[in-house]
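These numbers come from the heavy atoms of this one structure, side chains and all, not from hydrogens, waters or symmetry mates. Note that the coordinates shown come from a computational prediction; the quantities given were computed from them, not determined experimentally. The sequence lines fix the lettering, A, B, ..., with proteins before strands; numbering per chain opens at 1.
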There are 2 protein chains.
Amino acid sequence: MGSKNIPGEGRAERKKRETRQKIVKVAMDLIQRQGFDNTTMEQIAEEADIARKTLYNYFPVKEAIVDQYVREMSAELAQKTLKNLLKLPDTRSRLLAALDNAYEWVEVNPEITGICLGYRLKNTCNGSLNSDNFTGTQSTLAEIIRLGQEAGELRQDASVSLLITPIEVFRGVVVLDWLKDRSRFELRKEMAKIVDLFLYGAINREEPPKMKHD
Amino acid sequence: MGSKNIPGEGRAERKKRETRQKIVKVAMDLIQRQGFDNTTMEQIAEEADIARKTLYNYFPVKEAIVDQYVREMSAELAQKTLKNLLKLPDTRSRLLAALDNAYEWVEVNPEITGICLGYRLKNTCNGSLNSDNFTGTQSTLAEIIRLGQEAGELRQDASVSLLITPIEVFRGVVVLDWLKDRSRFELRKEMAKIVDLFLYGAINREEPPKMKHD
DNA sequence: TATATTATTATACAATGTGTATTTATCTAT
DNA sequence: ATAGATAAATACACATTGTATAATAATATA
């Protein structure tokens with residue numbers, strides 16, 4: 001514990017950070033072993049050797065602990081993924097690779113994924129918009145889109161943030177769909193279709209456009 | 001109460017249906033007046049003149065009452081909307097009209113919308129997939145896409161259910177985005193951009209149907 | 001009418017999350 | 001180094017949620 005000495009950090013701040021880390025570690029151990037619902041805040045507090053009320057000082061709800069954990073994983077994953085992106089030839093393959101990486105994790109951690117997505121949506125609604133709300137996957141996707149625009153491959157009349165919306169959301173939805181019934185389809189195959197739809201749109205290109213005004 | 005006599009319905013079934021309706025009515029009155037969090041299940045039960053436990057027999061969680069209400073509203077709205085769709089010339093205008101209608105309601109009921117979306121996502125995760133999980137807006141969008149495919153306007157190599165995913169999801173996301181900070185943009189303008197993106201895709205084209213926005 | 005079935009209820013319970021006040025640890029200025 | 005300021009940790013009490021159990025009431029069916 002406290003292996004890293006961060007310069008402008010007093011004892012209090014360091015201990016807080018350590019406690020926070022310990023909570024996440026201890027909580028995730030319990031949750032992975034017993035399931036989310038079967039793990040109480042009491043237990044987590046006990047195991048982390050703090051009072052229950054203190055635990056609530058660090059994380060206002062149980063889901064927030066899971067969210068913190070997923071953010072850390074996601075950031076870590078994004079860092080690794082980012083390096084490999086430039087090796088790939090175009091936007092399509094980059095998108096597929098990035099999503100593929102993310103799903104690998106999702107497939108192994110379905111419960112955690114579901115809890116985290118639900119929590120984030122709820123928070124989005126309640127409007128407490130955090131500035132550090134940017135997850136690892138999101139930053140990866142943003143970079144892919146930026147690269148695509150730079151190369152002239154993607155349309156430039158739409159901002160990165162507008163373009164990221166659909167693809168980011170597709171990701172969430174496909175995951176949810178898959179969580180509902182894991183045997184129904186293969187996550188990756190479905191994702192490939194969605195990426196295609198995102199890139200080329202829903203309009204039929206075989207025939208000339210039929211957009212007539214009257 | 002009990003104004004409609006449904007043929008094969010005994011006394012018990014009728015009373016159950018009536019109680020259910022009464023709960024939704026009473027609960028929504030309270031929630032609209034006091035807010036969701038300030039309305040307790042105790043209060044709702046009291047007002048509906050049933051025991052708290054009985055209330056839980058009808059709705060397992062408070063959010064489920066709101067969801068039920070939104071479903072009813074949504075179905076009603078969809079019926080009205082559907083009639084006007086055929087008068088419109090193409091998919092683009094139909095999509096915009098349908099979403100426009102839906103947003104009118106959302107703008108008036110932001111809290112309810114947020115609660116309902118959050119609840120549905122959570123349920124999706126937990127995998128209890130209801131067969132009657134199809135909302136009014138979804139059926140409207142499905143019909144629009146079906147019409148578009150029939151006219152050869154939309155690509156036919158993708159199923160309705162696949163095509164509906166992105167547009168349905170866009171809808172949710174734009175709403176969420178708007179809920180976060182209602183002053184930031186106009187719901188309808190943003191939606192128009194998203195519809196374009198859905199139809200024409202993110203790829204840069206030689207003769208592009210450029211997005212028309214400021 | 002008698003009986004089986006199902007819904008309602010009272011009661012008790014575990015757990016979540018909050019508010020308040022007290023104690024403890026850390027930081028800062030002298 | 002010490003005293004006071006500041007912030008965190010804690011104990012305690014509380015309202016609320018949602019569940020489990022068993023007794024009671026209402027309804028359907030024979």
Side-chain angles (χ1 to χ4, degrees), chain A residues 1-2 5-24 26-27 30-31 34-68 115-116 118-119 122-123 125-126 128, chain B residues 1-2 5-24 26-27 30-31 34-68 115-116 118-119 122-123 125-126 128:
Chain A
M1 280 278 161
N5 283 331
I6 298 172
E9 194 186 41
R11 198 199 320 276
E13 278 163 353
R14 198 191 63 241
K15 285 191 88 171
K16 251 191 111 170
R17 191 169 49 79
E18 282 174 8
T19 305
R20 211 180 151 79
Q21 282 176 345
K22 188 173 186 183
I23 290 169
V24 174
V26 157
L30 286 169
I31 289 171
Q34 311 174 336
F36 183 78
D37 287 334
N38 297 324
T39 304
T40 71
M41 292 296 263
E42 189 71 57
Q43 256 181 63
I44 295 169
E46 183 60 35
E47 204 81 8
D49 198 30
I50 53 174
R52 192 169 69 97
K53 190 73 234 281
T54 308
L55 177 51
Y56 277 102
N57 283 352
Y58 285 86
F59 298 97
V61 297
K62 206 180 6 174
E63 284 85 351
I65 307 177
V66 175
D67 183 58
Q68 169 69 29
I115 287 158
C116 186
Y119 173 68
K122 194 167 184 178
N123 262 38
C125 295
N126 296 345
S128 67
Chain B
M1 279 279 160
N5 282 333
I6 297 172
E9 193 186 43
R11 201 202 319 277
E13 279 164 356
R14 199 190 64 242
K15 286 191 86 172
K16 254 191 108 169
R17 193 171 46 80
E18 282 173 9
T19 305
R20 211 182 152 79
Q21 282 176 346
K22 188 173 185 184
I23 290 170
V24 173
V26 157
L30 287 168
I31 289 172
Q34 312 172 335
F36 183 78
D37 287 334
N38 297 325
T39 304
T40 70
M41 292 294 263
E42 189 71 57
Q43 257 181 66
I44 295 168
E46 184 59 36
E47 203 81 7
D49 197 30
I50 53 174
R52 193 168 68 95
K53 187 71 235 281
T54 309
L55 177 51
Y56 276 103
N57 284 352
Y58 285 87
F59 297 98
V61 296
K62 204 175 16 170
E63 285 85 349
I65 307 177
V66 175
D67 183 57
Q68 170 69 27
I115 289 159
C116 186
Y119 174 68
K122 195 167 184 177
N123 262 39
C125 294
N126 295 346
S128 65

Within the sub-3.5 Å range, which N or O atoms of nucleotides 10-13 of chain D have a protein N or O partner, and how far apart are they?
unit_1	atom_1	unit_2	atom_2	d
D:dT10	OP2	A:Ala51	N	2.9
D:dT10	OP2	A:Thr54	OG1	2.5

From B:Gln34 atom CD to B:Thr40 atom OG1, the distance as rounded to the nearest 0.5 Å: 8.0 Å
Nearest-angstrom distance from the residue atom CZ of B:Phe59 to P of D:dT19: 15 Å
Rounded interatomic separation in angstrom, taking CG from B:Asn38 and C1' from D:dA15: 13 Å
Given B:Asn57, B:Leu55, B:Val26, the one that forms side-chain contact (heavy atoms from CB on, under 4.5 Å) with B:Ile50: B:Leu55
Nearest-Å distance for atom pair CD/P, residues B:Glu63 and D:dT16: 16 Å
Pair A:Lys22 + A:Glu18: basic N to acidic O under 4.0 Å: no
Rounded distance in Å - CG (A:Asp37) to C1' (C:dT16): 12 Å
For B:Asp67 against B:Cys116, the heavy-atom pair lying closest together: OD1-SG, 3.4 Å
Residues that A:Tyr56 engages under side-chain contact (heavy atoms from CB on, under 4.5 Å), provided they are two or more places apart: A:Met41, A:Arg52, A:Lys53
A:Glu46, CD: over 12 other non-hydrogen atoms inside 6.0 angstrom: no
Protein-nucleotide distance (B:Glu46, atom CD; C:dT8, atom C1'), rounded to Å: 15 Å
N or O in side chain of B:Tyr56 less than 4.0 angstrom from C:dT8 OP1/OP2: no
N/O (side chain, B:Lys15) to phosphate O (OP1/OP2, D:dT27) under 4.0 Å: yes
Whole angstrom value for the distance that separates P of C:dA7 from CZ of B:Arg17: 16 Å
Distance in angstrom units between B:Ile23 CD1 and C:dA7 P, rounded: 13 Å
Whole angstrom value for the distance that separates P of C:dT9 from CD of B:Glu42: 12 Å
